[in-house]
Student: 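Here you go, one structure.
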Amino acid sequence: MKQRVSALLRERFERDVVLEKPKDRSFGHFSTPIAFALSKELRKSPMLIAEELAGAFGQSDIFCAVESVKGYINFRLSESFLSQYATWALEHPEEFGRGSKQERVLLEFVSANPTGPLHIGHARGAVYGDTLLRLGRHLGYDITAEYYVNDAGNQIDLLALSLQLEGRSSVLHEKVEFPEKFYRGEYLTELAKEAAKQFGREIFTDDERGNELALWAKDRVLEMIVADLRDVNIHFDTFVSEASLYERWERVLEKLGEGAFIDDEKVWLRSSAHGDEKDRVVVREDGRATYLAGDIIYHNQKFERGYARYINIWGADHHGYIARVKAAVRFLGYDADRLEILLSQMVSLLKDGEPYKMSKRAGNVILMSDVTQEIGADALRFMFASKKSDTALEFDVEALKREDSSNPIYYINYAHARICTIVEKSALSRDEIMAAPLEGLNEDADALLFEALLLPEVIEDAFESRQVQKLPEYLKVLSARLHKFYYDYRIIGEADEAKLLKLFLMVALSIKTGLSLMGIAAKEKM
RNA sequence: GCGUCCGUAGCUCAGCUGGAUAGAGCACUGGUUUGCGGUACCAGCGGUCAGGGAUUCGAAUUCCUUCGGGCGCACCA
């Protein structure tokens, strides 16, 4: 809708036009301050220019009024245009808000180490990534959702050691001391039990079999992670194993060319040449690769796969890592601007105003699965999708358990359910409702219709700006308008019943589509 | 110290392609159609958009700076 108007104005004025939605509805559906910009070069007052420009608009299918007010040009869309658009959308619900983008995009997110279950910080990144994924796909982008599995390095050895110690403690009932660094948590107790069955109890005391145990354990932990994600409707297309990458190291090292050098018997990345604070070690003197080496191979492998764009979602604590990875990408001969690294900030959860209790044996973290269980997948998703990902967030989970208008997910669902109920209650058939033209509506109905038809713009804006919270924000506003309208007007039995129900169906379509892009199914009954 | 993200109502947060009187929820106060789901709606209270400077016809939005806070600053992942 906005694109359509925008394109029309660009053609008319032969330049890009800033188009905005006036806060005050009496100014119409869209407006542009273009006259202010033109005033300087035309050496005329904005008001005069606006008047002339507005006056030059003749009859149009799209607008029913074009007016100038105090230098702004305000546009009012015609009822027939809005009506036709809504009718089309209701007849093609799957197509509503779809885009025609075609780029192939590789979206990497979560990528938590397979050494323990997901915590609440991971959950935020997971929801953010999956929401972007859904939005992008709706717009037509061909997106691959990928999980990079850090299944190599010290952490995996440590996982095996931790599991052995846990086995000696909880299975063999030995008295043991857990070093500070070791992984702890209920999941290890469970794994120890499983390991005892699978390998026999001697696995816990045999130093020789640590590796065997490690390989098994990391797979089991990854399965747990995948299950936690599945519980909130998140699925990945591909998993890339870090361990499997190292056989390509020689080739990648060669490709780095001048980007790599040897000093002090170590291999370094000359990252300082591309904006990093200093150069970084990639291979230690004993020949073991650092984490960065894996990431370099991984990003080389990503770019070799030939996507138009690469999006990584990282925890904000990794932001210092951006410069060196981008530097590596440049040395590999690729355009680092195609790699976009988005950060998801820390989360602190509250419950009734108090810090959320960490699960007892999970170590010092709040488990994602605990929160999912407590407030449900829908609420968890809404909570994280509704806040800007790059600001630290404090959230009280109790707010999402309430069953009233203070809980946005409840409020939005209630609007949807209300529509379903009233349509059900009406004696009119769906065909009768659909046959009604959305014309001759009063101003409030017109405003509601316009709001409902804005969803496509919101989807595009949310995805392109990577600010997914715009979608839930919009759904709240739309729902509020619906509730108010419902309160102010009677529907059933009125002369306009068919039209108003059709209007409501349009609102329901936007809510349902919007929620589904957040991985949430709209409720038809509360 | 350096880098980075942030600082909007008492609290949690929107708004930031610069534009017409700064928004929502919570909290607090007071109301609402003999009502299709009141599981809703309305009003009031509350803001020097951290401070200062610059650009501009116009800045919460851009730039600089000060102050305050989070995070990072490994040959750990």
Student: Measure up the Y411(A) and H483(A) rings against each other and bin them: parallel (under 30°), tilted (30 to 60°), perpendicular (over 60°).
Tutor: tilted
Student: Under 4.0 Å from OP1 or OP2 of G15(B): is there any side-chain N or O of K476(A) that close?
Tutor: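 Looking at the OP1 and OP2 atoms of G15(B), neither is under 4.0 Å from any side-chain N or O of K476(A).
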Student: Who does U4(B) pair with, Watson-Crick or G-U, both distances under 3.5 Å?
Tutor: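 When the pairing criteria are applied, G70(B) turns out to be the nucleotide that pairs with U4(B).
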Student: Is a donor-acceptor pair below 3.5 Å formed from side chain S31(A) to base A20(B), judging by atom type as modelled?
Tutor: yes
Student: The side chain of D390(A) is closest to which nucleotide in this list: A40(B), C5(B), C13(B)?
Tutor: C5(B)
Student: Indicate, yes or no, whether a donor-acceptor pair under 3.5 Å links the base of G72(B) to the side chain of H318(A).
Tutor: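 Per atom types, no contact qualifies.
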Student: Would you measure the distance from the C1' atom in A59(B) across to the matching atom in U55(B) and give it in whole Å?
Tutor: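 Here A59(B) and U55(B) have their C1' atoms 10 Å from each other.
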Student: So which nucleotide from G15(B), C36(B), C5(B) ends up closest to the side chain of Q345(A)?
Tutor: C5(B)
Student: State whether the distance check finds a donor on one side and an acceptor on the other, under 3.5 Å, for side chain N74(A) versus base A20(B).
Tutor: yes
Student: From the list A20(B), C16(B), C41(B), which nucleotide is the closest neighbour of the side chain of Y487(A)?
Tutor: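 Selected nucleotide: C41(B).
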Student: After noting the C-alpha distance and the side-chain angles of F30(A) and F75(A), does the key distance pass the ring pair (Phe, Tyr, Trp, His ring centres under 6.0 Å) rule?
Tutor: CA-CA 5 Å; F30(A) 293 110; F75(A) 303 91; 8.1 Å; no
Student: Using heavy-atom distances to pick each residue's nearest nucleotide on RNA chain B, tell me which of L19(A) and Y321(A) is more 5'.
Tutor: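 Closest to the 5' end, via its nearest nucleotide, is L19(A).
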